[in-house]
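For reference, the structure is listed below as structure tokens.
Being a predicted model, the structure only gives us computed values, none of them experimental.
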Amino acid sequence: DLEALEHEGREYIFQLDKAMGARKNRASLSEWDYTSNITKENEEKWIQIRLELSQQEKRAWEETRMYRWQEFQDFTLRRMFKKYSQLGVSALPDDKYKMLMRSVSGMEANYATAKICDFKDNTKCNLSLEPDITELFAKSQDPEELKHLWVEWHKEAGSKARHNFTEYVNLYNEAAKLNDFKDVADWWQSEYEVDDFEQQLAKLWEDVKPLYQQLHAYVRKRLRDKYGDHVVSAKGPIPAHLLGNMWAQTWGNIEPFTRPYPDKKEIDITQTMKEQNYTALKMFQMSDEFFRSLNLTAMPEKFWKNSIIEKPTDREIVCHASAWDFYDGEDFRIKQCTTVDNEYFETTHHEMGHIQYFLQYSHQPFVFRDGANPGFHEAVGDTIALSVSSPKHLRRVGLSTGDAEDEQTEINQLYKMGIDKIVFLPFAYTLDMFRYGVFRGSTPPEDYNCHYWRLREMLQGVEPPINRTEEDFDAAAKYHVSANVEYARYYVSFIIQFQFHRALCQLAGEYVPEDLNKKLVDCDIYQSVAAGNALANMLKMGSSKPWPDAMEALTGQRQMKADGLLEYFRPLQEWLTAENQRTGEYIGWEPSKTQYC
Ligand SMILES: C=C(C[SeH])C(=O)N1CCC[C@H]1C(=O)O
Ligand SMILES: [Zn+2]
């Protein structure tokens with residue numbers, strides 16, 4: 001009878017889950033070995049192990065399908081079977097699976113080891129993205145140098161990946177179809193468990209776009225003031241190489257010469273950290289201490305032993321920051337090429353947020369050791385960082401002797417947060433709208449670069465520094481495109497982290513709507529056990545329930561909405577609107593004069 005079948009099913013699935021834990025541990029260890037020492041030999045080892053694991057998963061999958069799990073009474077049991085009924089890329093025949101892995105590891109290795117020549121000294125041709133090009137791009141205020149760095153990096157990391165990328169798209173789409181998806185876009189969106197995901201992204205963009213356009217207009221004016229109207233036009237898109245970041249995804253590095261009130265102190269903790277002899281380790285210890293202050297879990301001993309927190313000098317590694325769960329309840333690691341600056345201060349909290357999520361759901365069955373949706377995993381660390389980067393907290397830890405809280409300082413602070421958080425949204429939206437089109441075939445390879453720039457101009461209001469052709473493939477110059485990492489997760493994260501932040505601030509008694517002494521922008525949840533416990537309760541769920549249940553547990557809301565973000569930035573939106581009216585700046589942008597289609 002069904003009762004007995006369900007009981008048998010439960011025995012089976014928990015047995016399978018335990019075996020899956022051992023396989024995930026092995027897969028993580030071999031991928032760690034490859035990405036922390038990029039050699040042909042380690043790539044082969046990693047591919048070999050992944051192949052063995054995929055054969056084991058295929059056998060298990062054939063057995064799992066035999067169960068009539070859709071008829072089981074228990075919700076959790078049905079959810080476990082549903083997840084294990086999806087085989088993933090292992091559905092590909094071995095030879096195609098190998099080709100797919102090689103095309104991705106080829107792109108990722110190319111990205112990680114790409115080198116370009118210096119602008120001033122063209123005999124110096126060993127510049128890596130991290131730390132060399134990143135630091136030059138952050139500091140330079142010479143449009144010609146920035147253009148050189150931009151063009152050379154996009155040649156080395158973008159164009160050279162085009163062949164592998166095209167092969168990856170075909171094979172990955174084949175795997176999607178073997179999993180009963182139309183294409184990879186359909187597969188990626190299924191992770192969010194709603195049937196109108198793309199419409200939700202579009203709605204969120206409509207909500208935030210007016211604020212972005214005001215910020216874009218203000219920044220374009222300040223850049224035109226600085227570089228002249230022959231470099232930055234009055235009504236066109238902003239040239240992408242002038243925004244302090246190789247992908248123009250966050251504009252924090254141009255804060256020093258664009259903030260609203262320049263005579264107020266700069267809110268840049270890079271200088272202060274250097275003066276106080278901060279090290280990478282100290283940044284990690286401070287982050288760990290913040291999480292512990294919320295009654296969350298301390299980093300385990302293996303974390304401090306096994307993590308790689310600075311770029312090694314004796315080998316090539318994947319520097320792009322990452323957090324690793326080895327699924328054994330005690331081995332958790334971060335790998336990043338830390339430099340002591342504001343950006344890595346944020347990134348360290350971002351990655352520690354991933355580790356905290358791993359720790360909080362480590363009691364779950366392996367199949368539920370995941371974010372409630374991919375955006376949740378990206379939002380944990382950033383939510384904590386919203387408190388850490390508040391002037392109140394920076395003063396508390398001696399990192400900012402900023403001016404007393406007055407109207408102008410508050411606008412400067414919101415501006416600094418806005419050129420990080422608001423600016424990021426159209427960038428993130430572009431990256432996966434582009435790839436949805438690629439996976440659906442509506443963007444054929446001969447139009448890759450044209451469609452990429454059309455979306456960047458339409459959504460972000462940026463343009464390339466020089467003309468582009470289909471010899472170029474600028475999308476792959478961004479890590480996540482070369483490394484096959486879905487990106488809508490960050491778009492979701494930058495929306496929901498403000499919903500989480502607002503809820504935590506209320507729990508901590510740090511934010512009271514309409515109370516001018518308890519404003520959201522001043523909130524710092526540091527040492528609030530009430531906030532920490534509520535966050536822990538959400539994180540412990542992992543992916544055991546649909547994400548609206550997890551969000552509701554913390555915020556009372558069941559939808560992702562821009563209301564948290566818009567409330568946080570309301571004073572800035574008012575200031576920018578008034579300022580753009582005062583200067584008569586054109587809002588929005590006319591078509592670019594740069595050729596790229
Ligand atoms: C820090 C990570 C590793 Se999950 C990252 O890739 N982030 C964090 C924010 C956006 C995105 C990026 O760098 O593009
Ligand atoms: Zn992340």
Side-chain angles (χ1 to χ4, degrees), residues 267-270 272-273 276 278-299 303 323 334 340-357 359-360 378-405 409-410 412-414 416-417 420-421 493 496-513 515-540 554-555 564-565 567-568:
I267 312 165
D268 172 16
I269 61 172
T270 301
T272 323
M273 285 197 287
Q276 295 181 20
Y278 265 60
T279 61
L281 182 61
K282 172 135 173 77
M283 288 156 70
F284 275 79
Q285 288 164 336
M286 282 184 71
S287 182
D288 178 46
E289 199 278 327
F290 194 105
F291 280 95
R292 280 187 286 113
S293 85
L294 300 175
N295 192 31
L296 291 169
T297 306
M299 291 299 122
F303 170 82
I334 285 174
V340 175
D341 52 43
N342 190 40
E343 276 192 291
Y344 258 109
F345 190 66
E346 303 278 321
T347 300
T348 300
H349 286 85
H350 177 95
E351 298 306 328
M352 293 285 260
H354 287 301
I355 304 289
Q356 190 59 226
Y357 214 159
L359 292 166
Q360 290 298 330
E378 299 308 332
V380 181
D382 280 15
T383 302
I384 299 301
L386 285 172
S387 282
V388 171
S389 53
S390 68
K392 181 195 294 180
H393 189 78
L394 293 178
R395 271 200 297 280
R396 238 170 168 172
V397 295
L399 269 177
S400 153
T401 52
D403 290 293
E405 286 315 291
T409 308
E410 182 180 297
N412 275 353
Q413 171 63 19
L414 282 171
K416 175 184 171 296
M417 297 306 289
D420 180 8
K421 300 295 182 182
S493 160
I496 64 178
Q497 64 187 249
F498 286 93
Q499 293 173 266
F500 296 170
H501 183 59
R502 183 175 54 185
L504 292 171
C505 292
Q506 281 185 287
L507 284 163
E510 281 284 307
Y511 165 61
V512 175
D515 178 343
L516 293 183
N517 295 318
K518 296 276 184 190
K519 286 193 279 190
L520 200 46
V521 70
D522 290 336
C523 161
D524 171 18
I525 66 169
Y526 186 56
Q527 296 173 339
S528 166
V529 172
N533 289 347
L535 180 59
N537 288 339
M538 179 176 84
L539 301 182
K540 285 182 190 324
L554 177 61
T555 71
L565 181 145
E567 182 177 339
Y568 183 95

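A distance of 11.5 Å separates CG of Asp524 from CG of Leu504, quoted to the nearest 0.5 Å. Taken from CD in Glu289 to CG in Leu294, the straight-line distance is 9.5 Å, to the nearest 0.5 Å. Distance CD/Gln527 to OG/Ser293: 5.5 Å, rounded to 0.5 Å. Rounded to the nearest 0.5 angstrom, Cys523 SG and Lys518 NZ are separated by 9.5 Å. Atoms CG and CD, from Leu565 and Gln499 in turn, are 9.5 Å apart once rounded to the nearest 0.5 Å. One finds the CG atom of Leu539 at 7.0 Å from the CG atom of Leu296 (value rounded to the nearest 0.5 Å).
Of the possible donor and acceptor atoms, none in the side chain of Thr270 sits under 3.5 Å from a partner among the backbone N and O of Asp341. Between the side chain of Ser389 and the backbone N or O of Ala385 there is at least one donor-acceptor pair closer than 3.5 Å. When atom types are taken as modelled, the side chain of Gln276 and the backbone of Gly398 share a donor-acceptor pair closer than 3.5 angstrom. A donor-acceptor pair is defined here as one N or O able to donate and one able to accept, closer than 3.5 Å; such a pair exists between the side chain of Lys392 and the backbone of Asp522.
The shortest heavy-atom contact between Asp382 and Ser493 is OD2-OG, 4.2 Å. Residues His501 and Ser387 share a closest heavy-atom pair of CE1-OG, 3.7 Å. Nearest heavy-atom pair across Gln360 and Thr297 is NE2-OG1, 3.2 Å. Contact record, Ala508 with Ile525: CB-CG2, 4.0 Å, taken as the closest heavy-atom pair. Taking both residues in full, the closest heavy atoms of Leu507 and Ala534 are given as CD1-CB, 3.4 Å, listed atom of the first, atom of the second, then distance. Closest approach of Ala298 to Asp288, counting heavy atoms only: CA-OD1, 3.7 Å.
The closest side-chain heavy-atom distance from Phe291 to Ile355 is not below 4.5 Å. In this structure, the side chains of Met273 and Lys282 stay at 4.5 Å or more apart for every pair of heavy atoms. With contacts defined as side-chain heavy-atom distances shorter than 4.5 Å, the pair Gln413/Thr409 does not qualify. With contacts defined as side-chain heavy-atom distances shorter than 4.5 Å, the pair Thr279/Val340 does not qualify. Put simply, the side chain of Met538 does not reach to within 4.5 Å of the side chain of Tyr357, judged on heavy atoms. The side-chain heavy atoms of Arg292 and Met299, taken from C-beta on, include no pair separated by under 4.5 Å. Within the 4.5 Å cutoff, no side-chain heavy atoms of Val380 are placed close to those of Phe500.
Annotation: side chain to side chain contact (heavy atoms under 4.5 Å, CB included) contacts of Glu410 (sequence neighbours excluded): Leu414, Lys519, Val521, Pro571.
Note on Asp420 versus Lys416: no salt bridge recorded, every NZ/NE/NH1/NH2 to OD/OE distance being 4.0 Å or above.
With respect to Met286, the side chain to side chain contact (heavy atoms under 4.5 Å, CB included) criterion is satisfied by exactly one of Leu399, Leu281, Thr348: Leu399.
Ring geometry for Tyr526 against Phe290 counts as tilted: the plane angle lies between 30° and 60°, on a 0 to 90° scale.
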Exercise. Going through the checks in order, is the side chain to side chain contact (heavy atoms under 4.5 Å, CB included) test met by Arg502 and Tyr568?
Worked result: CA-CA 9 Å; Arg502 183 175 54 185; Tyr568 183 95; over 6 Å; no
For this session: Quick one: do Met283 and His349 satisfy side chain to side chain contact (heavy atoms under 4.5 Å, CB included)? Show the steps, please.
Result: CA-CA 9 Å; Met283 288 156 70; His349 286 85; over 6 Å; no
For this session: In sequence, state the C-alpha distance, the side-chain angles, and the governing distance for Glu351 and Glu346, and then conclude on side chain to side chain contact (heavy atoms under 4.5 Å, CB included).
Result: CA-CA 9 Å; Glu351 298 306 328; Glu346 303 278 321; over 6 Å; no
For this session: Report the C-alpha distance between Thr383 and Ile496 in whole Å, list the side-chain angles of each, state the deciding distance to 0.1 Å, and finish with yes or no for side chain to side chain contact (heavy atoms under 4.5 Å, CB included).
Result: CA-CA 9 Å; Thr383 302; Ile496 64 178; over 6 Å; no
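In this model, a donor atom of one side chain and an acceptor atom of the other lie less than 3.5 Å apart for Lys421 and Gln497.
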